[in-house]
Amino acid sequence: MSNLRDELIEHGILADGGAPGLYHRGGAFENVVSGIEALFRSLDPYDSPRWVMSPVTTAQVLVDTDYVESFPQLMGLLDGFHGDAREARTLADTAHDGGEWWQQLDATGLALRPAACHGLYPLLAGRQMPPGGGHYEISATCFRHEPSDNPARMQTFRMQEFVVVGTPEEARAFRDAWLERALDAHRSLGLVVEAEAANDPFFGRASQMMSQGQLEKELKFEIVAPIAQETPNAISSANYHEDHFGTSFAITTSTGVAESACFAVGLERSALALFRRHGVEVSSWPTDVAARLGL
Ligand code: AMP
Ligand code: ZN
């Protein structure tokens, strides 16, 4: 197989963003992303209110969602300059001399958002969900510090998520229904996909136990498709969080602590899987696929 990354860059689909996993997106790529987003939105049976979350969050949200504990290796925090004029001159001199000028910065208390739906739960804090559950469409540009030359593993990428916060039955049924719906949707675009039980990349000593628990309880499923390597990548994920966010953010239903589930479409990865499948010339993609994506 030719190198997909090089091929995409040669054809102006992506441009190198200057560090592993950073990319600029060309018009053809963005048209495909918009088509995928519109297709999945059209499948949402709840006509959910839509929120595009800020790509920057308070660092406190990483604590409240347990991200700090579970995925410290993926976090990205923002530093700022808080010094006076003299310190500003030292900063600039250090930078121009090729020194480690960022050592002179301090934390802002802000972080890059690691997952789209983590922006929702703080908005629902302390609230009781209506019968049937609260349904939302949440998207965001996310950051994960996992530099790689594999174009399927970006450091910034977008997620379009469909989320329910409600009873355990509502959460499980929602997750399972989206998994089926999404398999059909990806297949309708000509992709060869499969659903697999999956686990998150938990950090450290407890990671094996956490991953095992997630697999045994079947909390996470991924829809995988070939992208740049023979081993397929997750192009979307269906997650059942049990009461994790309901407890952390004191969200309830009339019967107790709320549970939640989300279905996350990886917009870049879904687009990349289509470029891998149908080629870099969008004008020669199958007409039914192009029509479904509004191309
Ligand atoms: P997760 O929260 O890990 O289940 O991620 C949700 C979706 O985001 C996954 O199914 C992928 O499609 C996508 N995704 C996760 N990590 C990356 C990455 N490093 N680069 C591009 N897409 C990603
Ligand atoms: Zn989510």
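When a ligand or atom number is given, it counts from 1 through the structure's own listing order.
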Q: Measure the shortest side-chain to side-chain distance between Phe40 and Glu161 over non-hydrogen atoms and say whether it is less than 4.5 angstrom.
A: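 When only atoms from C-beta onward are counted, Glu161 and Phe40 do not touch, as no gap falls below 4.5 Å.
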Q: Should Asp64 and Tyr121 count as side-chain neighbours, where that means a heavy-atom distance under 4.5 Å?
A: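 No, side chains not in contact.
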Q: Is the Zn ion (ligand 2) under 2.8 Å from any N, O or S atom of Cys117?
A: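 Of the N, O and S atoms in Cys117, at least one lies under 2.8 Å from the Zn ion (ligand 2), which means yes.
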Q: To the nearest 0.1 Å, how far is atom 12 (O) of ligand 1 from its closest protein heavy atom, and which atom is that?
A: Ala234 O, 3.0 Å
Q: Between Glu268 and ligand 1, find which residue part has any heavy-atom pair under 4.0 Å and reply side chain, backbone, both or neither.
A: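 The answer is neither; Glu268 stays 4.0 Å or more away.
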Q: Of all the atoms in ligand 1, which lie at a distance below 4.0 Å from a heavy atom belonging to Ser236?
A: 10 (O), 12 (O)
Q: Is it true that the side chains of Thr57 and His118 contain a donor and an acceptor less than 3.5 Å apart?
A: no
Q: Once you restrict to heavy atoms under 4.0 Å, what part of Arg144 touches ligand 1? Side chain, backbone, both or neither.
A: side chain
Q: Quick one: closest heavy-atom pair of His278 and Leu189, and the distance?
A: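 In terms of heavy atoms, the two residues are closest at NE2-O, 2.8 Å.
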Q: Which class fits the ring pair Phe245 and His241: parallel under 30°, tilted 30 to 60°, perpendicular over 60°?
A: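 Geometry flag for His241 against Phe245: perpendicular rings.
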Q: Report the residue from Phe174, Phe263, Trp51, Trp178 that forms a ring-ring contact (aromatic ring centres under 6.0 Å, His included) with His135.
A: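 With His135 as partner, ring-ring contact (aromatic ring centres under 6.0 Å, His included) holds for just one option, Phe174.
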Q: Below the 3.5 angstrom mark, is there an N/O of Ile235, backbone or side chain, next to an N/O of ligand 1?
A: yes
Q: For ligand 1, which atoms, with element, lie under 4.0 Å from some heavy atom of Arg153?
A: 19 (N), 20 (N)
Q: Please write down residue, atom name and distance for the protein heavy atom closest to atom 20 (N) of ligand 1.
A: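 Of every protein heavy atom, Met154 N, 3.0 Å lies nearest to atom 20 (N) of ligand 1.
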Q: If hydrogens are left out, which of Gly266, Ala152, Ser237 has an atom nearest to atom 9 (C) of ligand 1, that is, the closest non-hydrogen atom?
A: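 Checking each option, the heavy atom nearest atom 9 (C) of ligand 1 is found in Ser237.
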Q: Would you say that Trp101 contacts Asp93 through its side chain, given a criterion of any heavy-atom pair below 4.5 Å between the two side chains?
A: no
Q: Which N/O/S atom belongs to Glu161 and is the closest one to the Zn ion (ligand 2)?
A: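 That would be atom OE1.
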Q: Can you tell if the side chain of Asp16 reaches within under 4.5 Å of the side chain of Arg5, non-hydrogen atoms only?
A: yes
Q: Is the distance from the Zn ion (ligand 2) to the nearest N/O/S atom of Cys262 under 2.8 Å?
A: yes
Q: Which protein heavy atom lies closest to atom 14 (N) of ligand 1, and at what distance to 0.1 Å?
A: Phe157 CE1, 3.5 Å
Q: Of all heavy-atom pairs between Thr65 and Leu62, which one has the smallest distance, and what is that distance?
A: OG1-O, 3.5 Å
Q: How far is atom 4 (O) of ligand 1 from its nearest protein heavy atom, and which residue and atom is that?
A: Lys220 NZ, 2.7 Å
